[in-house]
Number of protein chains: 2
Amino acid sequence: MKFFSDSCEIQCFNSEKVARVKENSLNSEEVLGLTEIFKTMGDGTRIKILHALSQEELCVCDLVEVLEMSQSAVSHQLRVLRNLRLVKHRKEGKMVYYSLDDEHIINLFAQGLAHIRHR
Amino acid sequence: MKFFSDSCEIQCFNSEKVARVKENSLNSEEVLGLTEIFKTMGDGTRIKILHALSQEELCVCDLVEVLEMSQSAVSHQLRVLRNLRLVKHRKEGKMVYYSLDDEHIINLFAQGLAHIRHR
DNA sequence: TCCTTATATGAATATGTATTCATATGTTCT
DNA sequence: AGAACATATGAATACATATTCATATAAGGA
């Protein structure tokens, strides 16, 4: 069955389906939240940092060595991860130790790897 | 006053830890693959598309209605999702029906939502 | 106190990307 | 064949963001 709308040139949609799907759609907070996490994990540097921290707690200079990147770049990305509460930190003298703040990250890795191996 | 350092100014890292972590680090393919998926999911429009498709198979104009966005914008994003093999499509006359290509996506949603609710 | 080291951060630059606009492709109907 | 519709796509624009550079902060040692 077809329906018409004069404001929009699209008229082929199935309005029952559309209503059903809209009913169950995510609210804007959920969309924003999901977008934020995935966007944060959608960067090679942050993926490497998170994966390293999934093994052990590390200080900034450990991470600099592991990633072979500048201290500044690593610090900037750690701030992003901190803001999203994906990592937490602990100060000891002049060193700052980082670790994962949420074990769900590990499951996200697992699912992500499962996907890329599935293709 | 500032002086020049020979090669690298970092010297505080724990080399045992670093070696251990480097040993277990992801290879570049895995990093690239994970980055790609998460980057792809790190956009509100694509999140909404994927979530809608996790409910039912839908044609492009259904999606246009559900998302209340232009047909062009939706098509562009569908192409991104198709390239990453996150969705598949089936043609029927002049309509094109899209659906999820990989059920791992649903688990990614679940983990992502678990994370944002955990905070 | 002065110097060195560990980390953080503002500004600038370079690169990526989402949407829009215009148009192309392909299908159905008359 | 021609018109109408569903979808796809190239180019342009606008906006976001990753890294670098320079410098700031903060802690420890001489």
Side-chain angles (χ1 to χ4, degrees), chain A residues 1-6 8-14 18 31-32 35-36 38-49 57-65 67-84 87-98, chain B residues 1-14 18 31-32 35-36 38-50 57-65 67-84 87-98:
Chain A
M1 64 192 106
K2 300 228 172 157
F3 295 87
F4 301 98
S5 74
D6 36 36
C8 175
E9 71 281 12
I10 296 286
Q11 42 201 261
C12 63
F13 64 93
N14 176 324
V18 168
V31 172
L32 220 65
T35 302
E36 256 186 347
F38 291 128
K39 188 179 293 184
T40 302
M41 295 188 71
D43 171 81
T45 299
R46 291 191 292 264
I47 284 284
K48 287 180 205 162
I49 292 176
E57 179 190 67
L58 296 168
C59 70
V60 177
C61 48
D62 288 337
L63 285 167
V64 166
E65 281 300 309
L67 303 200
E68 295 171 12
M69 289 182 61
S70 76
Q71 179 268 318
S72 182
V74 171
S75 266
H76 276 296
Q77 296 311 324
L78 283 169
R79 183 167 54 150
V80 174
L81 295 170
R82 238 165 41 216
N83 287 343
L84 264 281
V87 302
K88 62 188 170 193
H89 63 292
R90 161 177 87 75
K91 218 170 168 183
E92 192 174 299
K94 46 184 174 174
M95 322 267 286
V96 179
Y97 288 91
Y98 282 86
Chain B
M1 194 68 53
K2 213 169 167 201
F3 293 93
F4 299 105
S5 65
D6 35 40
S7 60
C8 176
E9 68 279 19
I10 297 287
Q11 41 202 267
C12 62
F13 63 94
N14 176 325
V18 168
V31 172
L32 219 65
T35 302
E36 256 185 348
F38 291 127
K39 189 179 293 185
T40 302
M41 296 187 72
D43 171 81
T45 300
R46 291 191 293 263
I47 283 284
K48 288 179 205 161
I49 292 176
L50 290 171
E57 179 190 67
L58 296 167
C59 70
V60 177
C61 49
D62 288 337
L63 286 167
V64 166
E65 282 300 310
L67 302 200
E68 296 173 13
M69 288 182 62
S70 76
Q71 179 267 318
S72 182
V74 171
S75 266
H76 276 295
Q77 296 312 323
L78 282 170
R79 184 168 52 151
V80 174
L81 294 170
R82 237 166 40 218
N83 287 342
L84 264 282
V87 302
K88 61 189 170 195
H89 63 293
R90 162 176 87 75
K91 216 168 167 184
E92 189 171 296
K94 46 183 173 175
M95 321 267 287
V96 179
Y97 289 92
Y98 283 85

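Here the structure is a predicted model, which means the values were calculated and not measured. Proteins come first, then strands; the chains are lettered A, B, ... in the order of their sequence lines, and each starts at number 1.
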K.L.:
Say you draw a straight line from NZ of A:Lys39 to CG of B:Asp43; how long is it, rounded to the nearest 0.5 Å?
P.N.:
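If I round to the nearest 0.5 Å, the distance is 7.0 Å.
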K.L.:
If you find the nucleotide of DNA chain D closest to A:Asp43 and the one closest to B:Val96, which residue's nucleotide is nearer the 5' end?
P.N.:
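Here B:Val96 is the residue nearer the 5' end.
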K.L.:
Rounded to whole Å, please give me the gap between CG in A:Leu78 and C1' in D:dA18.
P.N.:
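In whole Å, D:dA18 C1' and A:Leu78 CG are 14 Å from each other.
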K.L.:
Can you see if the side chain of B:Tyr98 gets near the phosphate of D:dA8 - specifically, an N or O under 4.0 Å from OP1 or OP2?
P.N.:
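Checking B:Tyr98 against D:dA8: at least one side-chain N or O falls below 4.0 Å of OP1 or OP2.
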K.L.:
Mapping B:Val80 and A:Tyr97 onto DNA chain C by nearest heavy atom, which one lands closer to the 5' end?
P.N.:
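Taking each residue's closest nucleotide, the earlier one in sequence belongs to A:Tyr97.
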K.L.:
Can you check each nucleotide of nucleotides 21-30 of chain C against protein heavy atoms at under 4.0 Å and return B for base, S for sugar-phosphate only, - for none, in 5' to 3' order?
P.N.:
BB---SBS--
K.L.:
To the nearest Å, give me how far apart CD1 (B:Ile47) and C1' (C:dT17) are.
P.N.:
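Taking CD1 of B:Ile47 and C1' of C:dT17, I get 16 Å after rounding.
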K.L.:
Can you tell me the distance, in whole Å, between the NZ atom of A:Lys39 and the P atom of C:dG16?
P.N.:
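After rounding, the reported distance stands at 17 Å.
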K.L.:
Between D:dT19 and A:Ser70, is there an OP1 or OP2 to side-chain N/O distance shorter than 4.0 Å?
P.N.:
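False: A:Ser70 side-chain N/O out of range (4.0 Å or more) of D:dT19 OP1/OP2.
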K.L.:
If you find the nucleotide of DNA chain D closest to A:Thr45 and the one closest to B:Ser75, which residue's nucleotide is nearer the 5' end?
P.N.:
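This one resolves to B:Ser75.
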K.L.:
Tell me the interatomic distance from B:Leu67, atom CG, to D:dT7, atom P, rounded to whole angstroms.
P.N.:
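Value for this atom pair: 13 Å.
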K.L.:
Strictly below 4.0 Å: does A:Arg79 bring a side-chain N or O up to OP1 or OP2 of D:dT19?
P.N.:
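Result: no.
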K.L.:
Out of C:dT9, D:dA6, D:dT19, which nucleotide sits closest to the side chain of A:Arg82?
P.N.:
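Nearest to the side chain of A:Arg82 among the choices is C:dT9.
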K.L.:
So B:Cys61 and A:Cys12, disulfide bond (SG atoms under 2.5 Å apart) or not? Walk me through it.
P.N.:
CA-CA 6 Å; B:Cys61 49; A:Cys12 63; 2.0 Å; yes
K.L.:
Who pairs with A:Glu92 by side-chain contact (heavy atoms from CB on, under 4.5 Å), at least two apart in sequence or on another chain?
P.N.:
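Expected list: A:Arg90, A:Tyr97.
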K.L.:
Does a side-chain heavy-atom distance below 4.5 Å link A:Leu78 with A:Val96?
P.N.:
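The answer is no; the side chains never approach within 4.5 Å.
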K.L.:
State, yes or no, whether a side-chain contact exists between A:Gln77 and A:Val80 at a heavy-atom distance under 4.5 Å.
P.N.:
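With C-beta onward as the side chain, the pair touches.
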K.L.:
Please report the distance, rounded to the nearest Å, between CD1 in A:Ile49 and C1' in C:dA8.
P.N.:
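From A:Ile49 CD1 to C:dA8 C1': 14 Å.
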K.L.:
Output the rounded distance in Å from CD (B:Glu36) to P (C:dT17).
P.N.:
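Checked: the CD to P distance equals 10 Å.
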K.L.:
Does A:Asp62 reach the main-chain N or O of B:Asn14 with its side chain, forming a donor-acceptor pair under 3.5 Å?
P.N.:
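Present.
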K.L.:
Atom CZ of A:Arg46 and atom P of D:dT19: how far apart are they, to the nearest Å?
P.N.:
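My rounded result for the distance is 8 Å.
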K.L.:
Nearest whole angstrom, please: distance from the C1' of D:dA27 to the CZ of A:Arg90.
P.N.:
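So the two atoms are 16 Å apart, to the nearest Å.
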K.L.:
Just how far is it from atom CZ of A:Arg46 to atom OG1 of B:Thr35, taken to the nearest 0.5 Å?
P.N.:
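So the gap between those two atoms works out to 9.5 Å.
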